[in-house]
Chemist: 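This is the structure, below, for whatever I ask next.
All heavy atoms count here, side chains included; hydrogens, waters and symmetry mates do not. Numbered from 1 within each chain, the chains take letters A, B, ... in sequence-line order.
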Number of protein chains: 2
Amino acid sequence: MATSTTTRSEEAQKDLDQPRRESRFGSILDAAELVFAESGYDGASMREIASKADVAQALIHYHFKNKAQLFEAMVARRSSSINDDRAELLDRLFEKSSHPDLEDIVEALFRPTIEAGRTSTNNAGPYARILASVANSAGARDQELAKKYYDPIALKYIDALQRVQPGLSRADAVWAYMFAIGVGMTMMAQTGRPKRLSDGACDDGDAEEMLGRIVPFICGGIRALA
Amino acid sequence: MATSTTTRSEEAQKDLDQPRRESRFGSILDAAELVFAESGYDGASMREIASKADVAQALIHYHFKNKAQLFEAMVARRSSSINDDRAELLDRLFEKSSHPDLEDIVEALFRPTIEAGRTSTNNAGPYARILASVANSAGARDQELAKKYYDPIALKYIDALQRVQPGLSRADAVWAYMFAIGVGMTMMAQTGRPKRLSDGACDDGDAEEMLGRIVPFICGGIRALA
DNA sequence: GTCTATAGTTCGATAGAC
DNA sequence: GTCTATCGAACTATAGAC
């Protein structure tokens, strides 16, 4: 059987290739994520990304045109998956109760991000580092990305904060959200500083340990504003 | 008078020059601060710094050897002044009372930074932006600077937190400090995002407005940990 | 201490074959 | 879709005159 045309044989073969590689598109995004996380946007080079993805540099330009659009594509891939999860978590909390716990809302704010793109261990993945850098930058490119990919979900969370904490004015709900994100970025950045300052007792590589301390801190802070 | 030697005349002239410029050392640091704040370490170029300082590029290398040491010199200048002020504020609080208000300690944490190197208005200066970037970066250079110039004063604040909030374990005091800094970096970064998310109601360019909301938030968070 | 001029490297991006 | 080869620009840093 299957002695007909090579064309048909090639089509059948397609679906049998193990790593389902129709192109190197995804591998380039993976490599970009690693290199941008390590060196930042300006510190990263297309050469290093190409090398880590094991492709020619020209292939990156073929798929993504230039460095800026590669960076945006990498942010878009992760953020759309993460923010879908965040929105769904939020909706479920309000389906189960008309007045969910503040603690659950704050945890829903961070958990999808620390679980995105991580391999096996308990720490946040490389994308979390990129996010921390983008969030704390006033540069035009970073703030345009924040606006495009994160402002819509931010407004949903601000609404949620006001609903479970009716004493919050709109302005204070925005401040509360910004401060919560600020605390969260301390976790995403994974600088190792807590370990240094505590002689090893505090590990910001352990996302679960951090969540256990961040959530009560933020909730206490928000309740102090209301 | 003063018809003797040119040498003597030149010496007398020195002290009369209005802007007291013995060298362009300080102007280079000022320009570096502006450019690094705008573009980050890797995004900044020695050419642009030289241009903004109105000196030849080679002069920067003469005074600071290379880009990394210029960056460190800029951090060293501001941080030493800021952290002297912070330590003194902290000491005064404990001189006036054996049990100062947590609110005063948290305010002392940030006020010297937002007042450093600013020109006239109510916002934090360019150095605050650089600090936000360094604090949230896991890169080796940034963490070495954090360790060298900021870890010692951080330990003093962690001690202070434990003294005024005796329920805090050492580990939780370290977490509390890290989270407080995380919230503070939201203010230092001056991204403009609060304005975007609030239709103009929240302005992170107004440092006094932010301090008024940040201090109660952080204090509420710390009290929730103890 | 400050300059001009430039060496030497690295980078983003493109041309063109397969 | 992927490659090799390379162009042209930008960068850090240095040499050497003043």
Side-chain angles (χ1 to χ4, degrees), chain A residues 6-7 10-11 13-36 38-75 139-142, chain B residues 6-7 9-11 13-36 38-74 77 139-141:
Chain A
T6 38
T7 312
E10 277 165 17
E11 279 173 14
Q13 196 78 7
K14 244 192 195 172
D15 287 348
L16 296 176
D17 276 350
Q18 307 106 339
R20 189 73 172 99
R21 107 165 84 117
E22 35 190 8
S23 86
R24 313 298 312 280
F25 192 94
S27 345
I28 292 171
L29 286 180
D30 292 341
E33 193 173 79
L34 286 172
V35 176
F36 282 130
E38 206 176 32
S39 311
Y41 180 84
D42 288 306
S45 78
M46 302 292 272
R47 280 173 163 76
E48 194 186 348
I49 294 171
S51 159
K52 186 150 301 195
D54 211 48
V55 299
Q57 203 179 329
L59 187 61
I60 306 184
H61 286 96
Y62 170 78
H63 279 302
F64 302 97
K65 185 80 176 168
N66 57 34
K67 191 183 185 181
Q69 290 186 43
L70 168 63
F71 190 75
E72 171 160 358
M74 180 231 81
V75 169
R141 179 190 46 250
D142 287 325
Chain B
T6 38
T7 310
S9 153
E10 277 165 16
E11 278 173 16
Q13 196 77 7
K14 244 192 197 173
D15 286 349
L16 295 176
D17 277 349
Q18 307 106 335
R20 187 76 173 97
R21 106 165 85 118
E22 36 189 5
S23 85
R24 312 299 312 278
F25 192 93
S27 345
I28 292 171
L29 286 180
D30 292 341
E33 194 173 77
L34 287 172
V35 176
F36 282 130
E38 205 175 34
S39 312
Y41 180 83
D42 288 306
S45 77
M46 301 292 271
R47 278 174 163 76
E48 195 186 347
I49 295 170
S51 159
K52 186 150 300 194
D54 212 49
V55 300
Q57 207 179 324
L59 187 61
I60 306 184
H61 287 95
Y62 170 78
H63 279 303
F64 302 98
K65 184 80 176 169
N66 56 34
K67 191 182 184 181
Q69 290 186 43
L70 168 63
F71 190 74
E72 171 160 357
M74 180 231 80
R77 176 180 67 158
R141 179 192 45 251

Chemist: Can you tell me the distance, in whole Å, between the CE atom of M46(A) and the P atom of dG12(C)?
Modeler: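 M46(A) atom CE is separated from dG12(C) atom P by 7 Å.
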Chemist: Does R24(A) come within less than 4.0 Å of D30(A), counting only side-chain N to carboxylate O?
Modeler: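 No.
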Chemist: Would you say that more than 12 heavy atoms from the other residues, nucleotides or ligands in this model lie under 6.0 Å from the CD of E38(B), or not?
Modeler: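 Count not over threshold, so no.
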Chemist: Rounded to whole Å, please give me the gap between NZ in K65(B) and C1' in dA15(D).
Modeler: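 Atom-to-atom, K65(B) to dA15(D), this comes out as 13 Å.
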Chemist: Taking atom CE of M74(B) and atom OH of Y41(B), what is their separation to the nearest 0.5 Å?
Modeler: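 OH of Y41(B) is found 11.5 Å from CE of M74(B).
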Chemist: For Y41(B) and dC11(D), what is the distance between atoms OH and C1' respectively, to the nearest whole Å?
Modeler: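 Between C1' of dC11(D) and OH of Y41(B): 12 Å.
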Chemist: Look at the side-chain N and O atoms of S45(B) and state whether any lies under 4.0 Å from the OP1 or OP2 oxygen of dC11(D).
Modeler: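 Checking dC11(D) against S45(B), a side-chain N or O does come within under 4.0 Å of OP1 or OP2.
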Chemist: Between L70(B) and M46(B), is there a side-chain heavy-atom distance shorter than 4.5 Å?
Modeler: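 Touching, per the 4.5 Å side-chain cut-off.
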Chemist: Could you tell me how far apart I49(A) (CD1) and dA13(C) (C1') are, to the nearest whole angstrom?
Modeler: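 For the pair I49(A) CD1 and dA13(C) C1', the rounded distance is 14 Å.
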Chemist: Is the F64(B) to F25(B) ring centre distance short of 6.0 Å?
Modeler: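 When the ring centroids of F64(B) and F25(B) are compared, they turn out to be within the sub-6.0 Å range.
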Chemist: Checking only heavy atoms, does the side chain of R24(B) share a donor-acceptor pair with the base of dG1(C) at less than 3.5 Å?
Modeler: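 By the distance-only test, no, there is no pair.
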Chemist: Rounded to the nearest Å, what distance is computed from the CG atom of residue N66(B) to the P atom of nucleotide dG8(C)?
Modeler: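 Between P of dG8(C) and CG of N66(B): 19 Å.
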Chemist: What is the separation between atom NZ on K67(B) and atom P on dT14(D), rounded to the nearest whole Å?
Modeler: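 Result: 15 Å.
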Chemist: Short of 4.0 Å, heavy atom to strand atom, which residues of residues 50-64 of chain B count as contacting DNA chain D?
Modeler: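 Nucleic-acid contacts, sorted: Q57(B), A58(B), H61(B).
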Chemist: Using the side chain to side chain contact (heavy atoms under 4.5 Å, CB included) criterion, which residues pair with A31(A)? Sequence neighbours excluded.
Modeler: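 In terms of side chain to side chain contact (heavy atoms under 4.5 Å, CB included), with neighbours along the sequence ignored, A31(A) is linked to I49(A), K52(A), A53(A).
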